[in-house]
Structures are given as structure tokens and as C-alpha cells.
Amino acid sequence: MTIADASKVNRELSSDEDDVPLSQTLKKRKIESTNTASLQGDDADGYDSDEAISTISKKKTKKIKTERLPSSSSPPSPQVKKRTTPKPKKIKKEDGDVKLKTTKKEDQEKKKRKKKEDEEDQKVKDEEDEYKWWEKENEDDTIKWVTLKHNGVIFPPPYQPLPSHIKLYYDGKPVDLPPQAEEVAGFFAALLESDHAKNPVFQKNFFNDFLQVLKENGGPLNDIEIKEFSSCDFTKMFDYFQLQKEQKKQLTSQEKKQIRLEREKFEEDYKFCELDGRKEQVGNFKVEPPDLFRGRGAHPKTGKLKRRVNPEDIVLNLSEDAPIPPAPEGHKWGEVRHDNTVQWLAMWRENIFNSFKYVRLAANSSLKGQSDFKKFEKARQLKSYIDAIRRDYTRNLKSKVMLERQKAVAIYLIDVFALRAGGEKSEDEADTVGCCSLRYEHVTLKPPNTVIFDFLGKDSIRFYQEVEVDKQVFKNLTIFKRPPKQPGHQLFDRLDPSILNKYLQNYMPGLTAKVFRTYNASKTMQDQLDLIPNKGSVAEKLLKYNAANRTVAILCNHQRTVTKGHAQTVEKANNRIQELEWQKIRCKRAILQLEKDLLKKEPKYFEEIDDLTKEDEATIHKRIIEREIEKYQRKFVRENDKRKFEKEELLPESQLKEWLEKVEEKKQEFEKELKTGEIELKSTWNSVEKIKAQVEKLEQRIQTSSIQLKDKEENSQVSLGTSKINYIDPRLSVVFCKKYDVPIEKIFTKTLREKFKWAIESADENWRF
DNA sequence: TGGGAAACTTAGAAGACATTCC
DNA sequence: GGAATGTCTTCTAAGTTTCCCA
């Protein structure tokens with residue numbers, strides 16, 4: 001929902017009667033139990049008959065069990081039978097290296113044709129055995145599969161110790177680390193120039209775990225005692241990693257291709273599984289390699305060592321009669337399960353939070369597709385309930401029961417500002433919040449009805465908005481913030497997501513807080529697309545589609561960090577546009593040089609010829625000249641490097657001088673032009689028509705560049721992808737493409753087209769969200 | 001029934017790959 | 001042809017919701 005929509009809702013919701021403060025209408029005051037009283041003095045405000053929930057008093061004390069996955073506690077595992085991995089069918093075959101007596105171009109053409117043919121063949125084959133679940137009846141979704149076969153997971157390669165001369169230095173002395181500790185030191189060294197390595201919490205957590213691993217493995221081999229992080233010097237390791245990266249980059253494209261093919265061949269068996277007899281793609285079939293945990297924002301555990309996962313840590317999930325993939329040699333699987341009520345193929349417990357990581361199907365799989373489809377259908381279902389929900393929360397904003405008021409305000413915020421539910425968080429996580437977990441300090445009230453939200457949401461992304469809200473919402477927020485509440489206290493002290501979701505389910509089965517985000521995102525997209533006129537070029541339509549997408553992304557607060565060179569890129573692009581403008585003006589002046597009378601005949605055409613000041617022009621000239629000089633200098637160096645390598649004769653300095661003289665001539669020309677206003681006409685500029693054609697071309701370029709720049713600037717901090725992938729019903733995009741004659745490839749990448757195949761094939765031109 | 005565990009979706013960063021520019 | 005830039009994919013962290021058991 002856009003802010004404009006929000007204000008519309010506000011209008012619909014605003015009430016005329018004034019509310020009596022709850023404190024006056026409610027006599028009874030419930031005192032919280034003693035152990036909750038300390039933080040929640042606010043429940044002593046005595047407004048109502050319902051109690052503050054205990055979540056606040058628990059004060060982030062989620063307990064985490066530290067025991068490892070006990071094989072004894074799991075259901076009796078069937079015998080882990082060792083069998084050879086079944087050979088899945090190969091999908092692709094590469095061309096051999098047969099060289100024919102053809103030109104390079106013909107060769108390439110031929111290859112292209114062959115590739116295309118192969119792809120077509122594959123497509124036909126794929127389509128033949130493709131399972132179009134969206135054309136079938138909806139089946140029971142508690143059973144996820146009947147048969148499931150897969151080949152297990154790929155483990156990261158074992159650690160390769162560094163060459164003996166690459167070491168960690170302590171107090172200037174090289175340290176002989178046992179490989180296990182060297183690996184951990186290497187994790188840090190690899191990040192040496194990143195922000196993580198500069199973060200003291202990251203350093204501390206890393207160092208503690210590093211010392212632990214060092215201790216576990218008998219300490220340094222050359223009796224150096226490592227005590228202080230500040231005395232460690234990782235630069236030699238870092239430089240080595242950089243060198244390796246550089247060498248990898250230097251490989252020829254043929255070598256790179258070879259490596260890629262080998263990798264793909266190796267991964268092939270793990271990339272696919274057999275689900276109910278169909279070949280389907282697995283998503284993350286690679287077990288996460290050991291590394292330092294990189295938490296987002298101010299994460300208390302950032303930098304801790306994420307330990308290596310062994311086959312013994314892995315639980316496999318597959319059919320009872322499916323062959324069990326062999327565990328790596330000398331190992332066995334932690335457990336083998338046959339649970340067809342879940343979607344995962346394998347899982348393990350990680351050591352940072354003691355939680356699970358899962359290996360699942362890919363986004364283009366039938367199971368994921370079905371979940372996605374259901375998600376959007378559920379959001380569409382909300383259309384039929386949204387009026388009632390809005391009517392009720394508007395009414396309940398004045399409820400005499402505090403819990404009801406809090407629910408009403410929370411749903412209002414979730415609906416209008418697309419806030420997330422906001423579950424409880426423990427102390428060993430970053431301090432981020434959503435709706436239910438908003439605290440006193442996250443909301444600033446500016447009478448009569450302006451609210452400033454300022455908090456860190458998911459991924460520690462800042463949510464900052466200064467907005468006008470419904471008057472009664474404002475009044476309620478004032479009440480929720482009344483003393484004795486103070487910074488640190490929960491705004492919604494009677495609420496948590498489960499209470500809210502339970503309430504929402506009275507309206508519609510399956511309705512939860514997150515459905516509102518999907519609903520409002522897709523609804524906004526539909527409304528925005530409806531506004532786009534069906535005219536103009538594909539590029540213009542795309543730009544408008546992206547603008548609609550951006551509205552949704554802004555609603556959902558999807559951000560991205562501005563890239564390093566962004567400011568410079570923008571400056572460059574602006575300069576480029578200015579230079580094009582200058583060229584255009586120059587052309588017009590040239591026209592007048594050929595035919596003076598045109599100024600009177602077509603005054604409008606020439607109205608911009610004095611737009612640039614002499615200073616502007618001089619700056620442009622300077623820029624062009626400097627660029628030219630740089631260009632030739634670079635060319636000279638590059639050319640000679642090449643010749644040196646090929647043991648050819650080097651270009652003499654005089655060559656560079658010759659090039660630079662040409663630039664000098666140009667400079668002189670510019671200076672003269674600036675002084676006299678006379679343009680030296682090029683031989684091709686021999687008629688007004690020719691120059692006018694040139695002007696037209698320039699105008700086109702200026703327009704394109706300006707649009708691109710505007711788009712780039714507006715997108716610099718907004719991430720469009722997240723809403724496109726998760727929130728906007730893909731059928732909206734499909735319909736847009738069909739109706740507006742825009743190729744779907746312009747909107748969905750290959751991966752997204754696979755993910756949204758169900759939408760591409762099922763939505764017709766008249767479909768609406 | 002509450003609360004922790006489990007299972008799933010959503011998210012931005014980083015790395016890989018493709019395209020454009022000079 | 002190679003560097004710069006942009007786009008796409010992969011990775012895994014960080015959420016939400018559901019499940020299940022004491």
C-alpha cells in the first residue's frame with residue numbers, strides 16, 4: 001500500500017466521536033505478579049481488565065540446549081545400508097573439441113546453432129515428462145511426497161594447509177599453527193579488509209574461538225604463546241589469498257570453462273532428486289563450509305567459528321525403500337529418516353545457535369511452487385475479508401479493553417505500513433524489532449497525529465518513516481507510551497505474534513500477520529500496473545513496470561547498500577549527458593553557420609544555443625582533453641606491455657608524442673571556438689539536413705541516458721528483487737507482459753521464469769490479483 | 001495451553017557471470 | 001581486448017509460523 005493509499009485508509013477509518021481516556025473509564029487495576037513488575041510498571045496504569053503478557057518480564061532468556069543431536073533420542077533408525085549411488089541420467093553433453101576448416105565466425109555460428117538445437121531437444125524432452133501440478137486437483141498437503149530418492153549432500157573439501165612460508169605472525173614472529181587452527185586464522189585473514197574484521201565484537205568472538213581450537217590441537221608447534229589479538233598479524237595470509245584470487249582470474253576462458261564443467265559433472269548427481277518418480281532440482285545440496293559466522297548488524301555472536309559439519313551430524317530424509325546414499329569413506333550418517341510430512345532432504349544442527357539447517361528442494365520444484373501458489377491464493381483470499389478487518393480494527397481502536405486496543409493498533413500498523421509481526425528475540429541475537437516487539441524509543445509522537453518510526457527491522461535494516469496516522473491511533477500510541485513506561489519498555493505489552501495471529505484466524509483460516517505484507521504488496525502492484533498506459537516502446541513500459549515494482553519495494557522497506565562507486569558513476573553519467581547537450585548545441589550552431597536565416601524561421605529549434613555559459617563549455621573542453629590524454633597514455637602503456645610479452649619491438653616515445661600532438665590540436669581548436677564562437681565544420685557537415693539528423697540522434701541519446709540515470713539513482717538504495725521474488729504475485733507480471741506485449745524475459749530472469757513457470761503458464765490476459 | 005523445537009519463507013551480501021565502454 | 005559496470009545466482013542469515021509435548 002502506498003502512503004497515498006494509507007491516507008485513504010486513514011480517511012475511511014477516522015472517527016468523529018472523541019474517546020474518553022481508558023484510565024477514567026476503567027476502575028479496576030490489575031497488579032502484575034511480582035516477577036513481572038520490575039520492567040512492566042506500565043501494566044499498573046490500570047486501564048483495563050486484561051493483563052500484560054509475561055513476555056516482557058522474561059527479558060530475552062530463550063534457553064538453548066547445547067547437547068549434540070543424540071542418535072539415541074531419534075526414532076529407531078533403520079540400518080544404514082551401503083549401496084552404490086544410482087546413476088542419474090545425464091542432462092547435458094558438451095561438444096567435443098573437433099576443429100573444422102571454418103572461419104572463427106562460422107565456427108561460432110555453428111556452435112550457436114548446435115547449442116540452440118540441443119536446448120530445443122532438451123526442452124521438448126523436459127516438457128514431455130514435466131509435471132504440471134497447477135493443472136491437477138489440489139491434494140492433501142500434509143503429505144509432501146510418496147517417494148523420495150536422492151544422493152545425499154556434497155561436503156566441502158577438507159582443509160588444505162597453506163604453503164610453509166605463509167604464516168600468521170605474532171609480535172613479528174612467524175607462528176607454526178596446527179592445520180585446524182591455521183584454517184580458523186585463515187577465515188579471519190580472508191576478511192582482513194572487510195568491515196567484519198574491523199568490528200571489535202567480531203574480533204573478540206573470533207579470537208576466543210581461535211584460541212579454543214588452538215588449545216584443542218595442542219597449541220602452536222613452535223612454542224609461541226598467543227595471548228593478544230592485537231599482536232596477531234594476518235597480512236601474509238591475506239596477501240596469499242589475494243594472490244590466489246588473482247591467479248584464478250588470470251586463467252584463460254578455456255581453463256575456466258574446463259573447471260566449471262568438471263564441477264558441474266561432479267555436482268550433477270546431487271543437484272537432482274527423484275520426488276514421486278519425477279526428477280526435481282535440489283536447492284542447497286552443498287553442506288555449508290566452516291567459516292566465521294557473519295551476523296548482520298550489531299550481532300553479539302558475530303565472528304564465532306561455524307564448525308565443520310561431518311556426515312555423523314547429518315540426518316537424511318528419504319523413502320523407506322530408497323537406496324541410502326553412501327556416506328563419505330570412513331564415515332556414517334547421523335541418522336536416516338523417512339518422514340514424508342516434511343519437505344527437507346537432509347538437515348544438521350549448527351553450533352552457533354544450536355538450530356537446524358536444512359537441505360531442500362529448489363525454487364523451481366513442484367513442492368516449492370505449490371507453496372508459493374498457496375501463499376498468493378491466501379493473500380488474494382484476504383481481499384474478501386479486508387473490509388471487515390479494517391472496520392473492526394477501526395472500531396476497536398476505542399475498545400475499553402487494553403488488549404483489544406493494542407491488537408487494533410498493531411493490525412493497523414501491519415496493514416498500513418507493512419510492518420512485520422515482530423517476534424520475541426533472545427539476548428544472543430541482534431536487537432531488531434517488528435510490530436509486536438516495538439519499544440518505547442522506536443516511536444516518536446508529534447501532535448496532532450504525526451508518528452516517527454525509527455527502528456532496526458529484519459537484517460538490521462533501518463525503518464525510518466515520518467507519517468501521519470489516524471487520530472485515534474495517535475491517541476492510543478500516546479496511551480501506550482504513558483508513564484511509567486520509558487525507553488526499553490514494550491509498546492504493545494499485551495501482545496505477541498501468536499495472540500495476533502490467533503485473533504486474525506477468526507476472520508479467515510490461515511490468516512497471519514505476514515499475509516498482509518503479501519496482500520498489500522500485490523494489491524499495490526496491481527493498482528500501479530493499472531495506471532500504466534499501453535503505449536510507447538518496450539523500454540518505456542519496462543521503466544514504468546520497474547517504477548511500480550519500486551513502489552512495492554519501498555512499501556516493504558527493501559533496501560540495499562549503495563555500491564562503492566555509485567557517486568562516481570552518477571557524476572560520470574551526468575558529465576556524459578552534459579557533453580551530449582554541448583554537442584547538440586554545437587551542431588545547431590553549425591547549422592546557423594551554414595544558413596543564418598534559419599534562426600528567424602525556426603526560433604524554437606535554436607532557443608537553447610545559448611544555454612551553456614563560456615565557463616561550462618571550458619569545463620567540458622577540459623574534461624574531454626584530459627580524457628583523451630589519459631586514453632592515449634593508457635594505450636601506449638598497454639600496447640608496450642603486450643609487445644614486451646610477445647618480445648616485439650616497443651613503441652617509441654615519439655609515437656605517444658604524436659598522439660598527444662593530435663590532442664593538442666583539438667585543444668587549440670576548442671580554444672579558438674570558445675573565443676570566436678565559430679565552429680570548424682567537419683567535412684560530413686556539408687548540409688543542414690545532415691547536421692539535423694545528427695541533432696536528432698543526439699537528442700535520442702540524451703533522452704535514453706537521462707532516463708537510465710534517473711532510474712539508477714532511484715534504485716540505488718532500493719532493492720527491487722526481494723519484492724519481485726517474494727511478494728508480488730507473479731501472475732501480475734505475466735499479465736502485464738501479455739497485455740503490454742513485453743517479453744517475459746525482460747522481467748523475469750531465467751531462474752525466475754523457472755520458479756514462476758506455474759504463473760507463466762496459468763495466467764491469462766484477464767487475470768487479476 | 002504455553003513454550004520451545006521444527007519447518008518453512010524472506011532477506012541482503014557476496015561472488016560469478018554478462019555486457020558495455022573505451 | 002580488457003577494464004568497468006551491471007545483472008544474475010548463490011549463499012546463508014534472519015525472520016515467521018506451525019508443530020508437538022510436558
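Numbers restart at 1 for each chain; the letters A, B, ... are given by sequence-line order, proteins then strands.
- In this structure, A:Phe748 has its ring center closer than 6.0 angstrom to the ring center of A:Phe756.
- In this structure, A:Lys514 reaches the B:dT10 phosphate: one of its side-chain N or O atoms is under 4.0 Å from OP1 or OP2.
- Here the side chain of A:Asp291 pairs no donor or acceptor atom with the backbone of A:Phe187 at under 3.5 angstrom.
- The aromatic rings of A:Phe293 and A:Phe353 sit perpendicular to each other, their planes meeting at more than 60°, with 30° as the lower class boundary.
- In this structure, A:Lys144 does not pair ionically with A:Asp339, as no charged nitrogen and carboxylate oxygen lie closer than 4.0 Å.
- Dashed line: the shortest gap from a side-chain N or O of A:Ser355 to OP1 or OP2 of B:dA5 is not under 4.0 Å.
- A side-chain N or O of A:Glu262 and one of A:Gln258 form a donor-acceptor pair less than 3.5 Å apart.
- The side chain of A:His558 contributes an N or O atom lying less than 4.0 Å from OP1 or OP2 of B:dA11.
- Contact annotation: A:His299 side-chain N/O to C:dA14 OP1/OP2 distance is under 4.0 Å.
- For the ring pair (Phe, Tyr, Trp, His ring centres under 6.0 Å) with A:Phe188, the qualifying choice from A:Phe241, A:Phe206, A:Phe238 is A:Phe206, the only one to do so.
- Here C:dT16 presents its C1' atom at 13 Å from CG of A:Asp459, a figure rounded to the nearest Å.
- Close to B:dC8, at under 4.0 Å from its OP1 or OP2, lies no side-chain N or O of A:Ser371.
- Within the nucleic acid shown, A:Gly422 comes within 4.0 Å of sugar-phosphate atoms alone, with no base atom in reach, counting heavy atoms only.
- Each of A:Trp344 and A:Lys375 was assigned the nucleotide of DNA chain B with the nearest heavy atom; the assignment lying further toward the 5' end belongs to A:Trp344.
- The phosphate of B:dA11 has OP1 or OP2 within less than 4.0 Å of a side-chain N or O from A:Tyr727.
- Among the nucleotides B:dG12, B:dA6, C:dT17, the one closest to any side-chain atom of A:Thr722 is B:dG12.
- Nearest-nucleotide positions on DNA chain C place A:Leu292 closer to the 5' end than the other of A:Leu292 and A:Asn501.
- Ring geometry, A:Trp758 versus A:Trp133: the interplanar angle falls from 30° to 60°, so the pair is classed tilted.
- OP1 or OP2 of B:dT9 has at least one side-chain nitrogen or oxygen of A:Lys368 nearer than 4.0 Å.
- For A:Arg420, the listed nucleotide lying nearest its side chain is B:dA11; candidates were B:dA11, C:dT17, B:dC17.
- With salt bridges taken as basic N to acidic carboxylate O contacts below 4.0 Å, one links A:Lys306 and A:Glu288.
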- Note on the structure: Reading nucleotides 7-12 of chain C from 5' to 3' and marking B where a protein heavy atom lies under 4.0 Å of the base, S where only the sugar-phosphate is that close, and - otherwise, the string is -SS-SS

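- For the helix from B:dT1-C:dA22 to B:dC22-C:dG1, the rotation axes defined at the first and last 5 base pairs enclose an angle of 0°, given to the nearest 10°.
- Note on A:Lys425: a side-chain N or O is less than 4.0 Å away from OP1 or OP2 of C:dG15.
- In terms of phosphate contacts, A:Arg349 brings a side-chain nitrogen or oxygen within less than 4.0 Å of OP1 or OP2 of B:dA6.
- Checking the phosphate oxygens (OP1, OP2) of B:dA16, a side-chain nitrogen or oxygen of A:Lys248 falls inside 4.0 Å.
- At least one side-chain heavy atom of A:Leu438 sits less than 4.5 Å from a side-chain heavy atom of A:Phe492.
- Residue A:Asp339 is the one, among A:Asp339 and A:Gln559, whose nearest nucleotide of DNA chain B lies closer to the 5' end (criterion: closest heavy atom).
- A salt bridge links A:Glu335 with A:Arg337; the closest basic N to acidic carboxylate O contact falls under 4.0 Å.
- The nearest heavy atom of DNA chain C to A:Val515 and to A:Gly297 marks one nucleotide each, and the one closer to the 5' end goes with A:Gly297.
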